[in-house]
> 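The structure that follows is given in the form of structure tokens.
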Amino acid sequence: MGLGPPPEHVCRAFGFSVDDAEPLRGGHAWRCGEVVLEGAHERSYAVWLASTMTALDEAVDPAELRVARPVRSSDGRWVVGGWRARRHLSGAPDERGEQSVLTAVRLHQAMATLRRPEPPSVPDAVFATAERLAWGERYQALDESRGGRLFEILALACRPTALPPGLVHGALFGALLFDDAGPPGLVDFVPCWRPVEWGVALTAVDALVAGADSELLRRWAHLPEWPQLLLRAVLCRLAEHALDPYSPASRLDDLRRAAKEVTQLL
């Protein structure tokens, strides 16, 4: 279920009227001209996100990536009445595997220069739990019929990695907009604190699940500890599927196919 329109006082704080607002993505966001309003249920996270996206916008090459820069209210706040604002970017989601992985590499290279603090807790509890399960920091039995048995089998192949942690985008594949007139646009950020190459691995696995050719994985095999990072990316997505009651059953078939391709690289 989407959000209702933002209250009038929120709209005024960001410089427009609620009469100008039109729903996006089924009402999960509202657009007013060049500004998009989205719900900000965790204020500390929303403030951190706004600061990070602003810094990222200044760090990336605009010819390679467009960043939806956050917008402050008229009195300088990032969050007003449980809402945050960002610039509108043209484009639409598209399953462009190769371009998404290349964008992931460029994005994480730029983030490595930001020296951002470790992010606060992510509001997405399913992802937060799945991430910890994938990295062996938590144990929880998963429903076998939703991928739990496959998770247990694959987890046996995990080996320690020596890569240092950094700021990682945990869901880049679904946060990109593509416009043929320009570079991809980044509209959201799901942060975690892992080896930065894992963000690339997650993007590659998501592209594979969406139907990309398995050669995509091999084209990036020069990245350090690539097979192990891919394995943990598959484990994370398997755990998310098992934990999320709304994840469609058909997704498990796609995850099994992705897991098969990844295990061939181990």
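Small disclaimer: the values here were computed from a predicted structure and weren't measured. Throughout, residue positions are numbered sequentially from 1 according to the sequence presented. Computed from heavy atoms alone, side chains included, the values below leave out hydrogens, waters and symmetry copies.
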> Answer yes or no: is there a side-chain heavy-atom contact under 4.5 Å between P183 and L65?
no

> If you apply the rule side-chain contact (heavy atoms from CB on, under 4.5 Å), what do you find for Y45 with V79, and how did you get there?
CA-CA 10 Å; Y45 168 76; V79 180; over 6 Å; no

> Please examine the side chains of R31 and V35, heavy atoms only from C-beta on, and report whether any two atoms are closer than 4.5 Å.
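A side-chain contact under 4.5 Å is absent here.
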
> Return yes when atom CZ of R69 has more than 12 non-hydrogen atoms of other residues, nucleotides or ligands closer than 6.0 Å, and no otherwise.
yes

> Decide yes or no on side-chain contact (heavy atoms from CB on, under 4.5 Å) for T54 and E58, but give the supporting numbers first.
CA-CA 7 Å; T54 300; E58 297 169 351; 4.1 Å; yes

> Counting distance only, does the side-chain N/O of H41 pair as donor-acceptor with the main-chain N or O of W83 below 3.5 Å?
no

> Looking at R219, I want to see if its CZ is surrounded by more than 12 non-hydrogen atoms of other residues, nucleotides or ligands under 6.0 Å.
yes

> Is there a donor-acceptor pair closer than 3.5 Å between any side-chain N or O of R146 and the backbone N or O of D244?
yes

> Please report the interatomic distance OG(S17) to CD(E8), rounded to the nearest 0.5 Å.
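Reported value, rounded in 0.5 Å steps: 4.5 Å.
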
> Decide yes or no for C32 and L37: does some side-chain heavy atom of the first lie under 4.5 Å from some side-chain heavy atom of the second?
no

> Does G4 offer a backbone N or O that forms a donor-acceptor pair with the side chain of W30 under 3.5 Å?
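Answer holds: yes.
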
> Take R96 and D180 through the test salt bridge (charged side-chain N to carboxylate O under 4.0 Å, His left out) and record every step on the way to the result.
CA-CA 12 Å; R96 302 188 188 185; D180 291 335; 2.9 Å; yes

> When rounded to the nearest 0.5 angstrom, what is the spacing between CZ in R232 and CG in L229?
8.5 Å

> Looking at Q228 and A157, would you say the former's side chain and the latter's main chain have a donor-acceptor pair under 3.5 Å?
yes

> Tell me, do E240 and T129 make a side-chain contact under 4.5 Å, heavy atoms counted?
no

> Please name the pair of heavy atoms, one in A68 and one in R86, separated by the smallest distance, quoted to 0.1 Å.
CB-CD, 3.7 Å

> State yes or no: do L150 and L142 share one hydrophobic cluster built from I, L, V, M, F, W and Y residues joined by side-chain heavy-atom distances below 4.5 Å, directly or via other members?
yes

> Is there a side-chain contact between E215 and R218, using heavy atoms and a 4.5 Å cut-off?
yes

> Mind checking the CZ-CZ spacing from R237 to F151? Nearest 0.5 Å is all I need.
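Answer for the CZ-CZ pair, R237 versus F151, is 13.0 Å.
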
> If hydrophobic clusters are built from ILVMFWY residues whose side chains come within less than 4.5 Å, do V101 and V262 share one?
yes

> Find the distance between CG (L231) and SG (C158) and round it off to the nearest 0.5 Å.
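The SG atom of C158 is 4.0 Å from CG of L231, to the nearest 0.5 Å.
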
> Is there a path from V196 to L176 through hydrophobic residues (I, L, V, M, F, W, Y) whose side chains come within less than 4.5 Å of each other?
no

> Minimum heavy-atom separation for L49 to R84, with atom names?
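So the two residues come closest at CD2-NH1, 3.5 Å.
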
> Judged by modelled atom types alone, do S90 and R66 share a side-chain donor-acceptor pair under 3.5 Å?
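Yes, because at least one side-chain N or O of S90 sits under 3.5 Å from a partner of the opposite role on R66.
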
> If only atom types and distance count, is the side chain of S51 paired as donor or acceptor with the main-chain N or O of V47 below 3.5 Å?
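Side chain of S51 to backbone of V47: no pair is present.
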
> Between W135 and W198, what is the ring plane arrangement, given parallel below 30°, perpendicular above 60°, and tilted in between?
perpendicular

> Could you state whether L216 and V105 fall into the same hydrophobic cluster, counting links through intermediate Ile, Leu, Val, Met, Phe, Trp or Tyr residues with side-chain heavy atoms under 4.5 angstrom apart?
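Looking at the clustering, V105 is in the same group as L216.
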
> Is there a side-chain contact (heavy atoms from CB on, under 4.5 Å) between L243 and D143 once you walk through the steps?
CA-CA 8 Å; L243 293 168; D143 187 338; over 6 Å; no

> Can you confirm whether R43 is buried at CZ, in the sense that more than 12 heavy atoms of other residues, nucleotides or ligands lie under 6.0 Å from that atom?
no

> Assess whether salt bridge (charged side-chain N to carboxylate O under 4.0 Å, His left out) is satisfied between R256 and D253, documenting all intermediate values.
CA-CA 5 Å; R256 288 193 180 106; D253 292 333; 3.2 Å; yes

> Could you pull out the closest heavy-atom pair between F127 and P191, with the gap in Å?
CE2-O, 4.3 Å

> When you look at S100 and F178, which way does the side-chain contact (heavy atoms from CB on, under 4.5 Å) test go after all the steps?
CA-CA 10 Å; S100 294; F178 293 93; 3.6 Å; yes

> For the residue pair C236 and A134, what are the closest heavy atoms and their distance?
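Closest approach of C236 to A134: N-CB, 3.6 Å.
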
> For a 4.5 angstrom cut-off between non-hydrogen side-chain atoms, does W220 reach L230?
no

> Quick one: CG on D213 to CD on E261, what's the gap to the nearest 0.5 Å?
8.0 Å

> Hey, does L107 have a side-chain heavy atom less than 4.5 Å from the side chain of L56?
yes

> Measuring from atom CG of D206 to atom CD of E95, what distance do you get when rounded to the nearest 0.5 angstrom?
10.5 Å

> Identify the heavy atoms of V71 and R87 that sit nearest to each other, and give their distance.
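Minimum heavy-atom contact is CG2-NE, 3.7 Å.
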
> I want to check something: taking the side chain as every heavy atom from C-beta on, are L167 and W193 in contact at a cut-off of under 4.5 Å?
yes

> Keeping the roles fixed (side chain from E225, backbone from A162), state whether a donor-acceptor pair exists under 3.5 Å.
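Checked: pair present.
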
> Under 4.5 Å between side-chain heavy atoms, counting indirect links through other Ile/Leu/Val/Met/Phe/Trp/Tyr residues: same cluster for V209 and L154 or not?
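Linked within one cluster.
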
> Evaluate the salt bridge (charged side-chain N to carboxylate O under 4.0 Å, His left out) criterion for residues E197 and R194: first the C-alpha distance (whole Å), next the side-chain angles of each, then the deciding distance (0.1 Å), finally the verdict.
CA-CA 8 Å; E197 295 83 0; R194 299 294 176 189; over 6 Å; no

> Kindly give the heavy-atom pair with the smallest separation between G81 and H9, and that separation in Å.
CA-NE2, 4.5 Å

